[in-house]
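Shown next, in structure tokens, is the structure this report addresses.
Please read these numbers as outputs of a predicted model, since none were measured by experiment. Naming convention: chains lettered A, B, ... in sequence-line order (proteins, then strands); numbering from 1 in each chain.
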Amino acid sequence: MHDVKYLLENYDLAAARLESRGYTDLGWLAELAEKRRVMVGQRDGLRGDQKKVSDSFKLPGTTPEMREELRERSKAIGLQIDAMTAELEAIEADLENRLMYVPNLPDELTPVGPDESGNVVARAWGTPRQLPFKALEHWELGEKLNILDFERARKISGARYVIYRGAGARLERALAAFMLDIHTTEHGYTEILPPFLVLEQCMRGTGQLPKFREEAYVATDEMFLIPTAEVPVTNMHREEILDAKDLPLKYAAYSACFRREAGSYGRDVKGMTRVHQFQKVELVKFTTPETSEEEHQKLTADAERILQRLELPYRVMELCSGDIGFSAARCFDLEVWLPGQQAFREISSCSNFKDFQARRAGIRYRPAPGEKPRFVHTINGSGLAVGRTVIAILENYQQEDGSIVVPTALRPYMGGLEVIR
RNA sequence: GGAGAGAUGGCCGAGUGGCCGAAGGCGCUCGCCUGCUAAGCGAGUGUAGGUCAAAAGCCUACCGUGGGUUCAAAUCCCACUCUCUCCGCCA
């Protein structure tokens, strides 16, 4: 959510930034905000009047007749206040509602571009493997080895699910443990295992709602299945005032993620590139505004380290204004090389939300004792999406006979297994 | 699921209709004192909105949430949520 004052005081700049990401309609803001401002003043004035009348009851020498008159006057004022409050509440609800649909301002560092085509390669690591035989795609490998079962997953849950079996399940578990171990012991993150069902206000806090309701699974009791651990972990500190000396807070959370993938019919239908449930290790940081840029870079590097340890070639894409997510101000995608698909595919998305989520979720910090609280900056990124890492390993480490060499770094987590066959 | 107790500021805790944005304590900040440390003394210390060029000041709201009663609600009434204790059930 935005600071209305900031938007109004920097209107031209803000409108231009929003336009660079496709949001062109901000005309309603000034009028609504002004209407609200005037009405708040009037309402508060009336309340003040009513308080003065009430105070008169206590004055010595107030006769019963005078009391009766005071009562009448106070009631009359009360009626005016009620009418005004109803109108004001409608205006505030309207303002709030519209504001919730305004995406974040792209950062000044974010390249301007219309869509995906405007993204720029920030850097690359490793050499995309070209195998000396016909490389298979992950679903072919998975089914051949009987470690991924799409057929039975369809039977029990429908399209876009997967069952991991045997060494496949072990590989997924090993990767999650491997990632968490590196982030907690080498990168200084605190491990979190959050609830996978959250209240609606959490989804609003991180920006999934109200705009992207059709993307979310809703359980009974108005609970939402989390689309990413970003939601519960960011909201852990909702409505809190953090201590400056505790910042940056760094969390690494493993969770299942649930996505309806509405509107992606026909895309990535084969295999498990795009499924309704996948597992992910998510990195989340709470920082001061001064350090968020640096912490964002570091978080991205922390995610990259996993790919490097697994010796998986990748490139880092800096997303342009037309392609960054609703809540993000700046975003780097990590794209891993897949020899089977002969393409780079997203395996992590690392975003700096600045104070956009913090404002929605009420997450602040006190810079120093006695000073006013300020909104923190939130940053998060996948470190990494586990399922897609399985895909990358299958495709990159496949051998001509269809077996899979286990990356060296992962072998301790696989009970010493060197080859999946 | 049943019975009972509770929810007040960064924390603890008082407050049963107006004198309460809220006693007292802790913590924190500044100052004094003390040749170190500790103790002691004094002052200050919630959030948001509005007003103002800005600050000071002033106004308004906020005592779990939402309604209600009343001229007036932290305080009375109703509903809900959450927490704690005991019982039941359960991984």
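- Rounded to an integer number of Å, the gap from CZ of Arg73(A) to P of U70(B) is 20 Å.
- The listed nucleotides are U60(B), A48(B), G18(B); the one nearest the side chain of Lys51(A) is U60(B).
- Checked against A72(B), G49(B), U47(B), the side chain of Asp44(A) finds its nearest nucleotide in G49(B).
- The distance from atom CG of Asp49(A) to atom P of A61(B) is 12 Å, rounded to the nearest whole Å.
- Residue Leu199(A) contributes atom CG, which lies 13 Å from atom C1' of U65(B) at whole-angstrom precision.
- Proximity of a side-chain donor or acceptor of Asn235(A) to a complementary backbone N or O of Cys202(A) within less than 3.5 Å is detected.
- A donor atom on one side chain and an acceptor atom on the other are found under 3.5 Å apart for Tyr413(A) and Asp181(A).
- As rounded to whole Å, 15 Å separates atom C1' of G49(B) from atom CE of Met39(A).
- C58(B) and C26(B): their P atoms are spaced 28 Å apart (whole Å).
- Comparing the P positions of A14(B) and A54(B) gives a spacing of 43 Å, expressed to the nearest Å.
- On the P atoms, G21(B) is 31 Å away from C80(B), given to the nearest whole Å.
- Using P as the reference atom, A38(B) and C30(B) are 14 Å apart when rounded to the nearest Å.
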Q) Where do Arg73(A) and Glu68(A) land on the salt bridge (charged side-chain N to carboxylate O under 4.0 Å, His left out) test, with the steps shown first? A) CA-CA 9 Å; Arg73(A) 268 172 56 193; Glu68(A) 193 48 46; over 6 Å; no
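- At distances below 3.5 Å, at least one donor-acceptor pair connects side-chain atoms of Asn396(A) with backbone N or O atoms of Ala392(A).
- Taking the six-membered ring where the residue is Trp, the centroids of Phe344(A) and Tyr314(A) are separated by 6.0 Å or more.
- In this structure, the side-chain contact (heavy atoms from CB on, under 4.5 Å) partners of Leu145(A), at least two apart in sequence or on a different chain, are Ile147(A), Ile404(A), Ile420(A).
- Asn352(A) and Ser292(A) share a donor-acceptor pair across their side chains, judged by distance under 3.5 Å alone.
- Rounded to an integer number of Å, the gap from CD of Gln201(A) to P of G64(B) is 17 Å.
- Note on ring orientation: taking the six-membered ring where Trp is involved, the planes of His187(A) and Tyr189(A) are perpendicular (angle over 60°, cut-offs 30° and 60°).
- Distance from the side chain of Arg47(A) is smallest for A61(B) among the nucleotides U47(B), A61(B), G50(B).
- Rounded to an integer number of Å, the gap from His237(A) NE2 to G10(B) P is 17 Å.
- In the set C71(B), U60(B), G50(B), the nucleotide with an atom closest to the side chain of Val40(A) is G50(B).
- Not a single donor-acceptor contact under 3.5 angstrom links the side-chain atoms of Asp243(A) to the base of G10(B).
- Comparing the same atom, C1', in G9(B) and in C78(B) gives a spacing of 28 Å after rounding to whole Å.
- Look at the P atom in both A61(B) and A73(B): the space between them is 9 Å, to the nearest Å.
- Applying the side chain to side chain donor-acceptor pair (under 3.5 Å) test to every pair with at least one member in residues 2-15 of chain A, sequence neighbours left out, gives no pairs at all.
- Every stem involving RNA chain B, taken as at least 3 paired positions in a row under the Watson-Crick or G-U wobble test at 3.5 Å, is listed here: B:1-7 with B:81-87, B:10-12 with B:24-26, B:27-32 with B:40-45, B:46-51 with B:57-62, B:64-68 with B:76-80.
- Toward the 5' end of RNA chain B, the nearer of the two residues Arg43(A) and Glu72(A), judged by each one's closest nucleotide, is Arg43(A).
- If you check G50(B), G46(B), A61(B) against the side chain of Arg36(A), the one that comes closest is G50(B).
- As judged by a 4.0 angstrom heavy-atom cut-off over every strand, Arg366(A) is placed among residues touching the sugar-phosphate backbone only.
- One interatomic measurement links the two molecules: CG of Leu79(A) to C1' of U70(B), which rounds to 14 Å at whole-angstrom precision.
- Both Glu371(A) and Gly48(A) lie near RNA chain B, and the one whose nearest nucleotide falls closer to the 5' end is Glu371(A).
- Taking atom C1' in both C63(B) and A48(B), one finds a spacing of 15 Å when rounded to whole Å.
- Closest to the Lys5(A) side chain, of the nucleotides A48(B), C71(B), G50(B), is G50(B).
- Annotation: U65(B) and G57(B) have their P atoms spaced 28 Å apart (nearest Å).
- Between the P atom of U70(B) and the CZ atom of Phe57(A) lies a distance of 13 Å, rounded to the nearest Å.
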